[in-house]
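Please read the structure below before turning to the comments.
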Amino acid sequence: MSTPFPFTAVVGQDDLRLALLLNAVSPAVGGVLVRGEKGTAKSTAVRALSALLPEVAVVAGCRFSCDPSAPDPSCPDGPHESGNGVARPSRMVELPVGASEDRLVGALDIERALAEGVKAFEPGLLADAHRGILYVDEVNLLHDHLVDLLLDAAAMGASYVEREGVSVRHASKFLLVGTMNPEEGELRPQLLDRFGLTVEVAASREPDQRVEVVRRRLAYDDDPAGFTARWADEETAVRQRVVAARELLPSVRLSDGALRQIAATCAAFEVDGMRADIVMARTATALAAWAGRTDVLAEDVRQAALLALPHRRRRNPFDAPGLDEDRLDETLEEFSGSEDDDEPDPDGPGDGGGDGGQPPPSDGPEADGDSGAQPEAGEGGEPQASGAGSGEQSAARASEPFRTKVLSVPGLGEGAAGRRSRARTEHGRTTGARRPRGALTKLHLAATVQAAAPHQRARGRSGRGLVVRRDDLRQATREGREGNLVLFVVDASGSMAARQRMSAVKGAVLSLLLDAYQRRDKVGLVTFRGSAAEVALPPTSSVDAAAARLETLPTGGRTPLAAGLLRAHEVLRVERLRDPARRALVVVVTDGRATGGPEPVALAGRAARLFAAGGVASVVVDCESGPVRLGLAGQLAGELGGTAVTLDELRADSIAGLVKDVQRRAA
């Protein structure tokens, strides 16, 4: 077993360390979501936390970690008698992004259940994580059906496995810790709210801190055991402080004045629901215990707000998480006046958690610096506009997004689970049965009985039970919804440059991006202007990134429509090699004009017919305006084998049938 990197040896990242330690003091805080760019010690810090947690007492031989002082009466390994039990280290269980449902919740032996009536149950990761930590790296990439199971277990403190009338339940209370890179997509709001605290991390831009990070990492890689031994005293000190804070926690007093500050803060920032108030109260109490105090002070409430509220204030995927600290201070000042708030404790964590409980506070936080935003997006290749007859214009602001009807890809796919197009999935309505390919996950009972029935006499059936063999088992085939790749091909040429017009175009694309976020799609962005096209955003699950690139998109120059279509076709070709099951929907946003180079219109037509030949679903958003319309976007849609819709029609109910029209034309 590899030696984990010591928690106290992590350089900087004070807020991250503090949030993790507060959950170690009080698991009721509800876990931590760590957001940040790659390579910022997110996973390293989380994996190191388990070594600081106190041991837990468990019933000897119980696979579900029952507490010997209060064993679970419905434990599959029970019933247990109360006793002393045995002590073991706290576990940190990792949930892989690609895990199956059976690996998460456990698996029933369906064959034995049908033939013998025996509940043969193999525990899953939710059982292993009971009374410990469940860690999900890249939690934003977790499949929706696994997210649903996590939500159920986190809400009820138990895991249920139901298979064809056979039911197993066991306790599953865990500290949920997730890490994610926002560039790869955001979390569902329901799961986001389940994390008690959130922390934004970024690599330090200070050379001295970066030098220390490299120095420690190289020392650890050269001699993990020796490096860990050098930090043993610091690890022991923090572990003892966690134990002391846990013992002090029941004595911490949360006054009415502090509660009023908490409630006023949540109300001032218009946080949905009451979970934020509860999490803030628990966090402020844990902060006081961590500082060795029995009273909650105003700075505890302030720090709790900075950790518990930012991720609960997002109203749509384009809102950046964060908190206005000036407004926070004003609210706390307005509702101050309780006896707790007179004098701040100089040892308290009101400075944003800078103490972090770390014996060597020397290295400073690494959470300073750029969080990965790319203000230069959309500005590549600017010299292309030269000689086009019109210079580059500054980026126009997008108009207000609006709700659109869903665009779906025709046919039946087999892509990743989502909410856009029809597909064969593991979840949904049952449409038939087949022989299982690999492990059986969803039994089709009627088909299984039908397959086994003709062989009962030959198998010597004598009792009431059905003699079932593995060859009789049938997997249910189900139909649900899949996510698609929505590739936007946006005309940024001079003909689109009128500010009011481009504002409306960006508003329409933002509306479609918001729909893609809700449908669990991947998105990509290709833009064309001047003499060439560029991939402004390769296919990604981060709708936020697409919105940011669109916001800074400049306009000007000629209209190389063919170049834009060819670049989009190449993006689809490469993406098909990476993810062949994910189907694409191409949304071309243009007025249909094609200029620059020899025979630009004919060349654009030939490029468009490549999409029609490949059966790619497409929609052209016609941006042509004015009293005289040339209808070029409609002609382009015909070449693509798709349908054209105006910006005004994008809001109308008529858009619901667009891709059905594509299917009819293809037929």
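Counting from 1, the numbers follow the sequence of the chain as shown. All values below were derived from every heavy atom in this structure, side-chain atoms included, with hydrogens, water molecules and symmetry-related copies excluded.
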Answer yes or no: is there a donor N or O on one side and an acceptor on the other, between the side chain of Arg582 and the main chain of Asp521, under 3.5 Å?
->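 No, the answer is negative, given that no donor and acceptor are paired below the 3.5 Å cut-off.
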Is the backbone N or O of Arg469 less than 3.5 Å from a side-chain atom of Asp472, with the two atoms forming a donor-acceptor pair by type?
-> yes
Looking only at heavy atoms, which two atoms of [X] and [Y] are closest? And how far apart?
X: Pro89; Y: Val56; value: O-CG2, 4.5 Å
X: Ala19; Y: Val32; value: O-CG2, 3.7 Å
X: Leu487; Y: Ala568; value: CD2-O, 3.6 Å
X: Arg246; Y: Ala24; value: NE-O, 2.7 Å
X: Leu412; Y: Ala423; value: CD1-N, 3.5 Å
X: Gly30; Y: Asn23; value: N-OD1, 3.5 Å

Should Leu585 and Arg583 be marked as a side-chain contact (heavy atoms from CB on, under 4.5 Å) after you check the CA-CA gap, both sets of side-chain angles, and the distance that decides it?
-> CA-CA 7 Å; Leu585 173 65; Arg583 298 185 296 164; over 6 Å; no
So how far is it from [X] [atom1] to [Y] [atom2], rounded to the nearest 0.5 Å?
X: Cys66; Y: Asp77; atom1: SG; atom2: CG; result: 7.5 Å
X: Asp72; Y: His130; atom1: CG; atom2: NE2; result: 7.0 Å
X: His455; Y: Arg461; atom1: NE2; atom2: CZ; result: 13.5 Å
X: Ile133; Y: Arg91; atom1: CD1; atom2: CZ; result: 12.5 Å
X: Leu197; Y: Leu22; atom1: CG; atom2: CG; result: 6.5 Å
X: Arg422; Y: Glu482; atom1: CZ; atom2: CD; result: 10.5 Å

Side chains of [X] and [Y]: closer than 4.5 Å at any heavy-atom pair?
X: Val86; Y: Val58; value: yes
X: Phe488; Y: Leu537; value: no
X: Leu52; Y: Leu20; value: no
X: Gln450; Y: Arg474; value: no
X: Ser618; Y: Val588; value: no
X: Val105; Y: Ser172; value: no
X: Leu95; Y: Leu142; value: yes
X: Arg481; Y: Arg519; value: no

Using distance alone, with no hydrogens and no angle criterion, decide if [X] and [Y] have a side-chain donor and acceptor under 3.5 Å apart.
X: Ser26; Y: Arg282; value: no
X: Asp137; Y: Thr179; value: yes
X: Ser65; Y: Arg88; value: yes

His170 vs Phe64 aromatic rings, parallel, tilted or perpendicular, using cut-offs 30° and 60°?
->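 Answer is tilted, since the angle falls between 30° and 60°.
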Leu150 and Phe174: CA distance, side-chain angles, deciding distance, side-chain contact (heavy atoms from CB on, under 4.5 Å) verdict = CA-CA 10 Å; Leu150 272 183; Phe174 49 83; 4.2 Å; yes
Give the C-alpha distance, both sets of side-chain angles, the deciding distance and a yes or no for side-chain contact (heavy atoms from CB on, under 4.5 Å) between Arg47 and Phe5.
-> CA-CA 8 Å; Arg47 292 189 175 103; Phe5 193 90; over 6 Å; no
Should we count CD of Glu570 as having more than 12 external heavy atoms under 6.0 Å?
->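 Atom CD in Glu570 is crowded, with more than 12 foreign heavy atoms closer than 6.0 Å.
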Checking side-chain contact (heavy atoms from CB on, under 4.5 Å) for the pair Leu572/Val616: CA distance, chi angles, key distance, verdict?
-> CA-CA 9 Å; Leu572 293 184; Val616 179; 4.0 Å; yes
What's the verdict on salt bridge (charged side-chain N to carboxylate O under 4.0 Å, His left out) for Lys173 and Asp67, showing C-alpha distance, side-chain angles and the deciding distance?
-> CA-CA 12 Å; Lys173 297 180 180 178; Asp67 187 346; over 6 Å; no
With respect to Arg312, which candidate in Leu192, Asp272, Val279, Thr198 satisfies the side-chain contact (heavy atoms from CB on, under 4.5 Å) definition?
->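 Considering Leu192, Asp272, Val279, Thr198, a side-chain contact (heavy atoms from CB on, under 4.5 Å) with Arg312 is found only for Val279.
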Side chain to side chain donor-acceptor pair (under 3.5 Å) partners of Asp128, counting only residues at least two apart |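 With neighbours one apart ignored, the set is empty.
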Under a 4.0 Å N-O cut-off, is there an ion pair linking Asp515 with Arg420?
->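 Salt bridge present between Asp515 and Arg420.
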